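All values derive from a computational prediction rather than experimental measurement.
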Amino acid sequence: MMSHSAPPAARAAAQIDFLLVPGLRDSDSGHWQSEWQRQNPHWKRIVQRDWSQPDLDGWCDAISRQLQPGDARALLIGHSFGALAAIGWARRYPERVAGLVLVAPAEPLRFLVDDRILPQTLPCPSLLFASRNDPLLPFTRASFWASAWGSSLTDIGEAGHINTEAGFGAWPWGLARVMDFADSLQSAAEE
């Protein structure tokens, strides 16, 4: 049993399921998602049959396989196309989602899902990390989507696609922001 003296992030982690949702080609072993999972082995991660096909329904089905009805509400942490899948799943099952972390989300039109990933307020709190030189989502579009979705936008400067190639391994600063966000979600749920 957890004592009341546990740090806030530990309290949130005990009451929220964390689910990593990688994008195309999965996240390699040096990617921040893989690093975070090693640091937090209780976190879940989707498993895909085919990581090379940007199939929104397939990604959403993979999320459903990891998050069973009756589980704690989830914080979905999506990268690139995985962020779009997290949005799609949250719209289907809003009662099962505590919040969304959208890291370098891909432009929906790029993957022909703009008819399903719409510029409408998301059904839960969300945090969007954007780069000024992301090849998959110009910063002006990231700002547009953050505003349309009602997401809190975090500008992390020139950070490419916020992946291994851009130098994002363990990314402790990002993890700390995610844990702060999780704590705020838990605090709001307790009010």
*Pairing residues for W51 by the ring pair (Phe, Tyr, Trp, His ring centres under 6.0 Å) criterion, not counting sequence neighbours*: W59
_Set of residues satisfying ring pair (Phe, Tyr, Trp, His ring centres under 6.0 Å) with respect to W145, sequence neighbours excluded_ = W149
Determine all donor-acceptor pairs shorter than 3.5 Å in which one atom belongs to a side chain in residues 75-83; sequence neighbours excluded.
unit_1: H79; atom_1: NE2; unit_2: H161; atom_2: O; d: 2.8
unit_1: H79; atom_1: NE2; unit_2: I162; atom_2: O; d: 3.2
unit_1: S80; atom_1: OG; unit_2: H161; atom_2: NE2; d: 2.8

*asked:* Nearest 0.5 angstrom please: L24 CG to S52 OG, how far?
replied: 8.0 Å
*asked:* Quick check for you: to the nearest 0.5 Å, what is the distance between Q48 atom CD and I63 atom CD1?
replied: 9.0 Å
Using modelled atom types and a 3.5 Å cut-off, is there a donor and acceptor pairing between side-chain atoms of [X] and backbone atoms of [Y]?
X	Y	answer
S34	S27	yes
N133	G160	yes
N40	H42	no
R92	C60	no
R96	W89	no

_Less than 6.0 angstrom from the centroid, inside 45 degrees of the normal: does R177 satisfy that with respect to the ring of W173?_
yes
Could you list the donor-acceptor pairs under 3.5 angstrom formed between side-chain atoms of residues 117-126 and any protein atom two or more places apart in sequence or on another chain?
unit_1: S126; atom_1: OG; unit_2: S151; atom_2: OG; d: 2.6

_Applying side chain to side chain donor-acceptor pair (under 3.5 Å), can you list everything that pairs with R110, at least two apart in sequence or on another chain?_
none
*Residues two or more places apart in sequence or in another chain: which of them pass side chain to side chain contact (heavy atoms under 4.5 Å, CB included) with S147?*
none
In the structure I gave you, are the side-chain heavy atoms of [X] and [Y] within less than 4.5 Å of one another anywhere?
X	Y	result
W171	V178	no
T154	F181	no
R49	D61	no
K44	D71	yes
D114	E107	no

_Quick test of your reading of the model: are R116 and D57 salt-bridged, counting only N-O distances below 4.0 Å?_
yes
*Determine, for D26 against R45, whether the closest basic-nitrogen to carboxylate-oxygen distance falls under 4.0 angstrom.*
yes
_Tell me if the CZ atom of R65 is crowded by more than 12 foreign heavy atoms within 6.0 Å._
yes
*Are V101 and F168 connected in the hydrophobic side-chain network, where two residues link if heavy atoms are under 4.5 Å apart?*
yes
*asked:* Side-chain heavy atoms nearer than 4.5 Å, only ILVMFWY residues, links allowed to pass through others: does that put L67 and L56 together?
replied: yes
